[in-house]
Structure formats: structure tokens, C-alpha cells
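Please read the structure below before turning to the comments.
Note on naming: letters A, B, ... go to the chains in the order of the sequence lines (proteins, then strands), and numbering restarts at 1 for each one.
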Amino acid sequence: MSMMESRSFLKSITRLLSNCNNMKNLKQIHSQIITSPHLSQFDKLFLISRLIFFCALSDSGSLAYASRVFQTTHNPNLPIYNAMIRAYSSNFRHKHQNPQSLILYKQMLVNNIVPDGITIPFVLKECVNRLDFVVGRSVHAHCVKFGVQDDVYVGNSVIGLYVGCGVLECARKVFDEMPERDVVSWNLIIGGCLRCGEVDVARELFVRMDERNVISWNSVIAGMVQVGRAKEAVEFFHEMVVVSEDDVVSVYPDKMTLASVVSACASLGWLKHGKWVHGYMLRNGIECDVVVKTALVDMYGKCGNVRLAERVFKDIRKKDVLAWTAMISVYALHGHGNEAFDLFDKMVACGVRPNAVTFGALLTACAHLGLVDRGRWYFNMITTSVYMIEPTVQHYACMVDILGRAGLFDEAERLITNMPMDPDVFVWGALLGACQMHGNVELGEKVAKHLIRLEPLNHAFYVALCDIQAKAGKFDDLGNTRVLMNERGIKKDTPGNSLIEVNGNFYEFSIKGSADIMMEKIKSLLNQLSKEIKVDQDTLLILKG
DNA sequence: AATATGTACG
């Protein structure tokens with residue numbers, strides 16, 4: 001075979017490989033490569049690297065086969081290592097097994113193969129997957145050693161490592177010292193700041209950016225929602241919409257943006273905004289997947305419109321646990337216990353396995369409706385692991401709430417002492433609330449004092465203690481509590497208030513009183529309602545009795 | 001050949 005013929009043979013096999021779309025085909029090509037007498041060792045290694053690349057990374061390939069080919073390859077070259085490391089680092093099935101990509105990386109270093117700017121991001125990805133800060137940091141050192149640290153992709157991956165491991169200072173240092181930054185660098189550091197609670201720093205960096213893409217906007221909007229600054233999230237969204245209407249810059253909101261902004265509207269109770277966002281999405285043909293629809297269900301529910309929530313929910317084709325749970329929660333929130341419980345049965349009948357949050361919603365429904373037996377029933381389903389759910393401390397808090405509201409203090413206390421985990425402030429807080437409700441002075445004082453020991457700066461527990469002591473006429477003790485509050489500088493600084501939106505107008509109610517013309521009307525309506533409620537309770541007693 | 005973003009309980 002001449003030199004020319006050998007070249008064209010190599011070319012044709014390369015072409016065959018790049019058009020290969022199944023394993024049978026690939027195995028045939030593999031055998032051709034191995035048995036061909038016309039190929040040099042060098043050319044064979046090149047073809048094997050192409051083969052491993054396809055086999056390890058294509059959807060129709062097979063990582064297991066690639067791995068076997070790799071093991072029989074003598075002196076694998078850099079592209080082969082890169083392909084194998086990449087395949088293992090993006091394969092989530094290997095997350096709980098051996099860190100194959102790190103083992104391969106170590107092996108290539110031992111064999112004196114120098115990693116390049118492509119190797120490093122995949123190795124770092126594996127470190128982030130495993131939250132391996134120690135190995136990650138030494139890979140960062142390798143970047144300097146092998147002279148790839150100025151590569152933007154490498155730098156971004158290093159930032160991603162430190163952000164992923166929660167070490168913001170290191171991430172910021174790398175970001176600040178980068179010779180060249182791109183949108184991804186900015187997005188990574190902004191995301192890192194948001195995750196570490198440095199919201200204002202993130203905000204400032206976002207404002208300083210000159211080239212923002214959808215992900216920049218989405219990160220900052222989602223970040224604002226997550227830290228409870230929903231108003232700012234909506235403001236950013238509106239700015240984004242204005243920018244997207246500008247012809248020069250084309251950043252358009254996508255389904256991720258909408259999922260976040262809808263949940264912002266939900267937490268604000270802004271029905272009108274929420275509806276507008278829903279309409280915007282329909283008008284602009286933005287894909288409305290399960291995630292967005294679930295957010296819409298939640299939003300309509302929290303904004304008080306059960307019927308719209310139902311309508312969106314029914315429109316979800318493939319309902320997942322989150323969608324079912326969102327709708328169950330809407331019913332629970334509105335006191336529609338039977339609908340919530342029926343929907344749970346329907347969900348199970350559809351073969352969707354409930355999770356810890358689903359049961360959290362069911363238990364809160366029971367708590368709000370005072371359904372002790374049903375609460376116990378669901379709680380038992382958790383603790384006897386019918387659905388393989390680990391009971392959480394929140395479930396115990398709910399159950400204590402249910403028992404406490406019913407005045408079953410012995411059972412509530414027994415539950416707390418037998419908990420498999422340490423009771424947190426919410427568990428004790430539920431018991432405290434029950435004590436206040438039922439005038440259980442002795443236990444209430446004990447629990448409040450315990451909570452004050454746990455969180456000495458939380459004014460809510462002092463207020464509860466004062467309330468209990470005042471109602472019990474224990475004015476000496478009340479005085480002591482007040483002294484303690486003064487000593488520690490505890491004030492009930494933020495008066496309780498709430499907000500409701502009707503036809504786009506906002507009405508604010510405060511415990512200090514509301515300067516609103518509607519107030520008199522509302523007060524008289526409330527009086528009338530409470531009379532009717534009393535009548536209802538009497539009727540209930542007659543029915544029961 | 002590669003790096004970044006979203007939904008449900010309390």
C-alpha cells in the first residue's frame with residue numbers, strides 16, 4: 001500500500017467513525033482498525049482516539065465499551081484522556097461510585113501527559129460534583145503549573161469550583177485577578193454571591209456588567225426571590241422586559257425567568273402582576289413547561305384564586321410530584337381539606353410517589369382544619385415508611401401543632417421526647433403556640449424560657465412569654481421578663497402588618513391601625529362575620545352533642 | 001471539544 005493509499009484509507013475510516021450512529025457499526029470499524037496491516041501505530045492511536053471520543057460521548061455510544069477500549073490502549077494520548085475524563089465527569093450515575101475522572105487525571109499526570117485547557121474544566125467539574133475542595137484546589141495549582149490559568153474557560157471552571165464548594169473569597173480572588181472575563185465569569189461570581197447571601201454585592205456586580213445575557217438576568221431575579229426580596233425581582237423583570245423591547249440588545253425572558261417571577265408574584269400576593277406575566281408568556285409563545293405551570297398554580301393559589309390554580313393544574317399533561325404537591329397545598333391553604341385529601345389519593349393512583357413536602361402540605365391542612373385523626377393517619381404513613389420517606393423535623397413540628405391545637409399536651413410532649421432527631425425552634429414554637437391558645441401557663445412558661453435559651457435574640461419568644469404571664473396575672477414574673485428584654489435590648493420592632501391587592505389597588509393593614517377609609521366598613525363586616533362564626537360553632541356543638 | 005439560571009410545605 002502506498003503512502004497515498006494509506007492516507008485515503010485513514011480518511012475513509014475517520015469519515016465512517018464520524019457518521020457512525022450505533023454500536024454494531026462502531027464495533028465493525030473497531031475491528032477494521034485493529035486488524036488493518038496498512039496503518040502505522042501513530043495512525044492507529046489517532047483512530048482509536050476518534051473512536052473513544054464517539055463511543056464515550058455520543059448518545060448512541062457506550063461508555064462501558066469506551067472504557068474497555070481505553071484499557072487495551074497502550075500509551076493513550078491527550079485527546080483520549082480528555083474524552084474519557086469528560087465522559088465520566090458528566091455522567092451522574094458515577095457520582096456515588098469511584099471518581100473515575102479524577103483517577104484518570106492522576107494516571108495521565110503519572111504518565112507525563114500534560115493536561116490542557118480542555119482537560120481542566122472537566123476535572124474541576126468532577127470536583128464540584130463531589131464537592132471536593134481539597135482536590136479542586138490542587139487542580140487549581142496545576143492550572144498555574146501547566147500554564148493554562150489565563151484561559152477563560154479554565155478560569156471560569158476554577159470560579160465554578162470555589163462557588164460550588166461555597167468558598168466565595170477564593171472565587172472572588174480568581175475573578176478579580178482574571179486577565180480576561182466573559183459573561184460566564186460574571187454570571188458565576190454573581191451566582192456565588194447570591195448563594196452565600198451576599199445579595200447586595202451580587203446586585204452591584206450585575207449593575208456593573210455591560211454584557212448581560214438571559215442567565216445573568218435569571219440568576220439575579222431568582223436570587224432575589226430566594227432571599228425574600230421579591231419586589232426587587234419583579235422590578236428587575238420589568239427592566240428586562242423594557243430592555244428586550246429595545247432593538248439593539250436582544251435579551252428575552254425565557255421559561256426560567258417566568259418561573260422565578262411568577263413565584264415572586266406568589267410571595268407578594270400580586271395577582272394582577274402574576275396574571276400579566278401569565279399573559280405575557282402566552283402572547284410571546286414562551287414554552288410553558290411543568291415547572292412554570294407549577295409556579296402558576298402556586299401563584300394563583302397564594303393570590304387567592306383557587307379556580308385559576310385548578311385550571312392551570314388540569315392543563316399540566318405530565319404532572320410530577322411538585323405539581324401535585326402545589327395543587328394539594330393550594331387546597332390546604334384555602335381550607336379545602338377534602339379536595340386536598342382526594343387529590344392526594346388521585347396522585348397516588350396515578351403512580352406518582354409523594355415526598356416529604358407532599359406530607360408537609362397534608363399535615364398543615366390537618367392542622368388548619370383541626371383534623372387530629374387524619375393528621376395521625378398521615379403522620380403514621382411517614383413514620384412507617386409506606387412511601388420510603390424519611391420523617392423530617394418539619395413533620396414533627398406539624399404534628400405537634402395538630403396535637404397542641406387540640407389540647408392534647410401529653411401526646412405532644414411524648415412525641416417530642418421520642419423524636420429521632422433534636423427538636424428545633426419550630427417544634428417548640430408549635431407547642432408554645434398551643435400553650436398560649438389553651439392557657440397552659442405552667443408548660444407555656446417552661447417552653448418559652450427554653451426557646452429564649454435557644455434563640456436569645458428572637459423577640460417573638462419574649463412576647464409570647466409576656467403574653468402568657470400577663471394573662472395568668474403573674475405580674476411579678478412579667479416585670480422580670482420585661483427587665484430581661486431591656487437588658488438584652490429586645491424590642492418588638494416590626495409591628496405586624498399585611499397587604500392585600502384588590503383590582504390593582506393595595507390595602508395595607510397594620511397592628512398599629514390603618515389610616516384607610518375602608519376601615520370602618522371592614523370592622524363592621526368582621527363583627528358580623530364573627531357573630532356568624534359563633535352561630536356556626538354552636539350549630540356544630542348541637543350536631544356533635 | 002468546555003464554564004453559568006427555574007417550580008411545591010412551614
Side-chain angles (χ1 to χ4, degrees), chain A residues 49-50 53 56-57 78-79 82-83 85-87 89-90 116-125 128 151-161 163-164 181-192 194-195 212-223 225-226 233 253-264 266 288-299 301-302 309 313 316 319-330 332-333 340 354-365 367-368 392-398 401 424-427 429-430:
Chain A
S49 80
R50 298 306 306 157
F53 184 87
L57 297 165
L78 179 61
N82 281 353
I85 290 171
R86 177 183 169 192
S89 74
S90 42
D116 65 2
I118 292 159
T119 324
I120 300 295
F122 294 119
V123 176
L124 286 174
K125 188 179 179 186
V128 179
D151 184 296
V152 194
Y153 280 95
V154 170
N156 288 348
S157 302
V158 176
I159 298 178
L161 165 80
V163 165
R181 288 182 275 262
D182 65 4
V183 212
V184 179
S185 326
W186 286 87
N187 288 350
L188 277 163
I189 197 70
I190 287 172
L194 288 168
R195 271 207 260 161
R212 300 172 196 148
N213 64 13
V214 205
I215 296 171
S216 326
W217 285 96
N218 289 354
S219 304
V220 83
I221 291 171
V225 178
Q226 275 155 18
D254 63 4
K255 55 179 178 175
M256 299 239 187
T257 328
L258 295 164
S260 300
V261 83
V262 165
S263 99
C288 195
D289 61 2
V290 214
V291 178
V292 180
K293 281 178 181 164
T294 300
L296 282 168
V297 169
D298 180 53
M299 184 274 291
K302 287 199 175 123
F313 176 73
I316 303 175
K319 302 177 179 71
D320 60 4
V321 215
L322 277 85
W324 287 99
T325 304
M327 194 62 225
I328 291 171
S329 306
V330 172
L333 181 69
N355 64 19
V357 181
T358 319
F359 278 99
L362 292 167
L363 289 174
T364 31
H368 290 156
T392 67
V393 70
Q394 289 98 325
H395 293 136
Y396 279 89
C398 276
D401 189 25
D424 66 359
V425 285
F426 294 101
V427 175

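Residue Asp254(A) holds its CG atom at 4.0 Å from OG1 of Thr257(A), rounded to the nearest 0.5 Å. A distance of 9.5 Å separates CG in Leu188(A) from CD1 in Ile215(A), rounded to the nearest 0.5 Å. Note: Ile120(A) CD1 to Ser157(A) OG = 9.0 Å, rounded to the nearest 0.5 Å. Within the model, atoms CZ of Arg86(A) and CG of Leu57(A) stand 4.5 Å from one another, a figure rounded to the nearest 0.5 Å.
In this structure, CD1 of Ile215(A) is placed 15 Å from P of dA2(B), rounded to the nearest angstrom. Nucleotide dT7(B) holds its P atom 11 Å from the CG atom of Asn218(A), rounded to whole Å. Atoms NE2 (His395(A)) and C1' (dA8(B)) sit 12 Å apart, rounded to a whole Å. Taking atom CG of Leu78(A) as the reference point, atom C1' of dA2(B) lies 14 Å away to the nearest angstrom. Ile328(A) places its CD1 atom 13 Å from the P atom of dG10(B), with the value rounded to the nearest Å. One can place CE of Met327(A) at 13 Å from P of dC9(B), the figure rounded to the nearest angstrom. Remark: P of dA2(B) and CG of Leu124(A) are 15 Å apart, rounded to the nearest angstrom. If you measure from atom CZ of Phe313(A) to atom P of dT7(B), you get 19 Å, rounded to the nearest angstrom.
The main-chain N or O of Phe359(A) is never found under 3.5 Å from a side-chain atom of His395(A) such that the two would form a donor-acceptor pair. Looking only at distances, no side-chain donor or acceptor of Asn156(A) sits under 3.5 Å from a matching main-chain atom of Ile159(A).
Residue Leu322(A) has its side chain nearest to dT7(B) when only dT7(B), dG6(B), dG10(B) are considered. The side chain of Ala259(A) approaches dG6(B) more closely than any other nucleotide in the set dC9(B), dT5(B), dG6(B). Checked against dG6(B), dT3(B), dA2(B), the side chain of Arg86(A) finds its nearest nucleotide in dA2(B). Distances were taken from every side-chain heavy atom of Ser263(A) (C-beta onward) to each of dA2(B), dA8(B), dT5(B); the shortest belongs to dA8(B). Side chain of Asn82(A), nearest nucleotide from dA1(B), dA2(B), dG6(B): dA1(B). Considering only the side chain of Phe122(A), dA2(B) comes nearest among dA8(B), dG6(B), dA2(B). Listed candidates were dC9(B), dA1(B), dG6(B). Nearest to the side chain of Val292(A) is dG6(B).
Lys125(A) has a side-chain polar atom (N or O) that falls below the 4.0 Å cut-off from OP1 or OP2 of dT3(B). Between Gln226(A) and dT5(B), a side-chain N or O to OP1/OP2 separation shorter than 4.0 Å is absent. Within the 4.0 Å cut-off from OP1 or OP2 of dG10(B), at least one side-chain nitrogen or oxygen of Thr364(A) is found.
Across all strands, Ile118(A) comes closer than 4.0 Å to base atoms (heavy-atom distances). Residue contacts shown for Gly117(A) include a base, since a base heavy atom lies under 4.0 Å away. As judged by a 4.0 angstrom heavy-atom cut-off over every strand, Lys255(A) is placed among the base-contacting residues. Among the heavy atoms of the strands, none lies under 4.0 Å from Phe426(A). As judged by a 4.0 angstrom heavy-atom cut-off over every strand, Lys302(A) is placed among residues touching the sugar-phosphate backbone only. Among the atoms of the strands shown, base atoms are found under 4.0 Å from some heavy atom of Asn355(A). At the heavy-atom level, Phe359(A) lies nowhere under 4.0 Å from the strands shown. Asp401(A) comes within contact range of no nucleotide atom at all, as no heavy-atom separation falls under 4.0 Å.
Counting only heavy atoms from C-beta outward, the side chains of Thr294(A) and Val291(A) never approach each other to under 4.5 Å.
Residue-to-nucleotide contacts include no donor-acceptor pair under 3.5 Å from the side chain of Asp254(A) to the base of dG6(B).
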